[in-house]
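Contents: one structure, followed by commentary.
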Amino acid sequence: MFCFQCQEAAKGTGCTVRGVCGKGPETAELQDRLISALKNLAVTARASGGKVGDGEGLFVAKALFATITNANFDDARFVSLITEAEDRALRLAQKSGLTVGTASQGVLATENPDVRSLRELVIYGLKGIAAYVEHAAMLGREDTTVYAFFLEALAATEQDLSVDELVALVLRTGHVAVTGMALLDTANTEAYGHPEVTQVDIGVGTRPGILVSGHDLKDFEELLVQTEGQGIDVYTHSEMLPANYYPAFKKFSHFHGNYGSSWWHQADEFEAFHGPILMTTNCIVPPRDSYKAKLFTTGMAGYPGCQHIADRPNGGKKDFTALIAAARASQPPRELEKGTIVGGFAHHQVFALADKVVAAVKSGAIKKFVVMAGCDGRHKERSYFTDVAQALPLDAVILTAGCAKYRYNKLNLGDIGGIPRVLDAGQCNDSYSLAVIALKLKEIFGAADVNDLPIAFDIAWYEQKAVAVLLALLALGFKKIRLGPTLPAFLSPNVVDVLVKNFQITGTTTVEADVAAIMA
Ligand code: SF4
Ligand code: SF3
């Protein structure tokens, strides 16, 4: 196997024996085969004049999504996705009098390191976008231009493109990432209202509970409805925390609050929770036996030996009966902590506070906004992000989204005239909200360039959704993004040079040097 798609790639170069994430070589091979089958499908679809079959776009999105780090470890699911991709390509080819080709398989099939780097950068961006548009599709919002781009870009990774052409494709991927995140933002807010400032309870109740992790709000909604009046509470975990900010979910009195922190703490936290856990997406850590029987997956998430809640039938709902039965037979969660954390600062809520924010900037009370969105991860050096949050001067406000926030969202960093110094917009896809806020500030202050604003970026990345977010920020014109804790292993030195030259991207360095540069 060879995989270098996430920040924890072994030795900073790539996993070759077994994934640091727990992905075995068989699963890695199946994921490579699936990506290759999707490329064949894309090439065939393009050759047939783009006459794609029913549901082709959403199928490609789901399949890409399944290959995201920590989303799915279930080989049987990959085998069935490969079969479906092959069948779809064959049907399309037969209809158009074509034959299905044999696309390259695996990262190392591309020998030129720069071409390999750019092709994989595009593919990882697509994976992130795929996850976001799949969530939007579950809420009834789809954009066929995004699906068409999946096919075009996948097919393009099989063409003999020059480095310049590939760089252009990377940037287009960024623009499509903006479209995808905007689509999900619309889908979420239409369905559940605009996130609002919320004090989230991080303690526990006395009844048994169900813990929901991942990113899928539709699953969360259906579970809340089905658990009403059942004598059990529902809690969010990790990236599901922002569900607490949506008005539509607040009306459920058995929605207790958030339990635990970011994904990589889950083994201890799931064990302590006692009740069943629903993983709606990434990030799954290979489960301990102590709670494996209570770990349920759904959607594109999967783990061998764990119960999987089937997709909703056409026009119907998912059936969470088994999960609810497991909850009723469990003990209440063990208390990990007490108190509250505040969040809900997505674009609509921040615009409502705009007068206050603008006045604070004009008076000099706020000197800098520091975007610290992204992912958390288990490597020790990620304490950097906690240290930066603590070392930033009191006139700096942190804008965050994604599970990166758990590095500093319980620190009580105070407020500036009632504006908290950590403003959490939501999940990693809500980084879109942070970009919208920045563009609004540009308008209010009449800045010619978004990079003239008092905004700095100190982004934490781990998996491919963060790659999509990064490409989206570049496409929107944001420069001087600091990325850590390490630069991606899949960026070749020459590709790093291109990113430095065109976007002044840098890696994180030391807390002191970076805080000084951020505030300069
Ligand atoms: Fe390694 Fe990350 Fe790939 Fe897992 S996803 S095999 S940790 S590079
Ligand atoms: Fe976290 Fe996996 Fe990326 Fe949605 S849950 S941000 S790492």
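Worth knowing before you read on, the calculation uses all heavy atoms, side chains too, and leaves out hydrogens, waters and symmetry mates. Just so you know, these numbers come straight off a predicted model, no measurement behind them. Counting starts at 1 for both ligands and their atoms, in listed order.
Set against the non-hydrogen atoms of Gln5, the atoms of ligand 1 under 4.0 Å away are 5 (S), 8 (S). Atoms of ligand 1 found under 4.0 Å from any heavy atom of Thr69 (numbered from 1 in listed order, with element): 5 (S). The ligand atoms of ligand 2 that sit less than 4.0 angstrom from a heavy atom of Tyr462 are 7 (S). Close approach of ligand 1 to Cys15 is summarised as follows: ligand atoms under 4.0 Å from at least one heavy atom of the residue are 1 (Fe), 6 (S), 7 (S), 8 (S). Remark: ligand 2 atoms within the under-4.0 Å shell around heavy atoms of Cys375 are 3 (Fe), 6 (S), 7 (S). Close contacts of ligand 2 with His215, meaning ligand atoms under 4.0 Å from a residue heavy atom, involve 4 (Fe), 5 (S). Atom numbering of ligand 2 starts at 1 in the shown order; those under 4.0 Å from a heavy atom of Asn282 are 2 (Fe). Less than 4.0 angstrom separates some heavy atom of Cys283 from each of these atoms of ligand 2: 2 (Fe), 5 (S), 7 (S). Proximity to Ala9 (heavy-atom distance under 4.0 Å) selects the following atoms of ligand 1: 8 (S). The distance from ligand 2 to the heavy atoms of Cys403 drops below 4.0 Å at these ligand atoms: 1 (Fe), 5 (S), 6 (S), 7 (S). When each atom of ligand 1 is checked for a heavy atom of Lys23 under 4.0 Å away, the hits are 6 (S).
With 3.5 Å as the limit, one finds no donor-acceptor pair spanning the side chains of Asp514 and Thr508. No side-chain donor from either of Asn244 and Thr198 sits under 3.5 Å from a side-chain acceptor of the other.
The two atoms that bring Tyr462 and Ala466 nearest to each other are N-CB, 4.2 Å, heavy atoms only.
Under 4.0 Å is where a charged nitrogen must lie from a carboxylate oxygen, and between Lys127 and Glu463 no such pair does. We find that Glu271 and Arg334 are not joined by a salt bridge, their nearest charged nitrogen and carboxylate oxygen being 4.0 Å or further apart. Between Asp114 and Arg119 there is no salt bridge, since no side-chain nitrogen of the basic residue lies less than 4.0 Å from a carboxylate oxygen of the acidic one. Ionic pairing of Lys410 and Glu337 is present here: one or more N-O contacts between side-chain nitrogen and carboxylate oxygen are shorter than 4.0 angstrom. Of the charged side-chain nitrogens involved, none lies within less than 4.0 Å of a carboxylate oxygen, so that Lys318 and Asp216 do not count as a salt-bridged pair.
The closest protein non-hydrogen atom to atom 3 (Fe) of ligand 2 is Glu463 OE2, 2.0 Å. Ranking protein heavy atoms by distance to atom 2 (Fe) of ligand 1, first place goes to Cys6 SG, 2.3 Å. Closest to atom 6 (S) of ligand 2 among all protein heavy atoms lies Glu239 OE2, 3.4 Å. Of the protein's heavy atoms, Cys3 O, 3.3 Å lies nearest to atom 8 (S) of ligand 1. Atom 6 (S) of ligand 1 has its closest protein heavy atom at Gly19 CA, 3.4 Å.
Partner Val496 forms a side chain to side chain contact (heavy atoms under 4.5 Å, CB included) with one of Val498, Leu499, Val500 and no other, that one being Val500.
The residue Gln427 has no part lying near ligand 2, judged by heavy-atom distances below 4.0 Å.
Ring geometry for Phe220 against Phe255 counts as perpendicular: the plane angle is over 60°, on a 0 to 90° scale with 30° as the lower cut. Ring geometry, Tyr303 versus Phe73: the interplanar angle falls from 30° to 60°, so the pair is classed tilted.
Distances from atom 3 (Fe) of ligand 1 show that Cys21 has no N/O/S atom below 2.8 Å.
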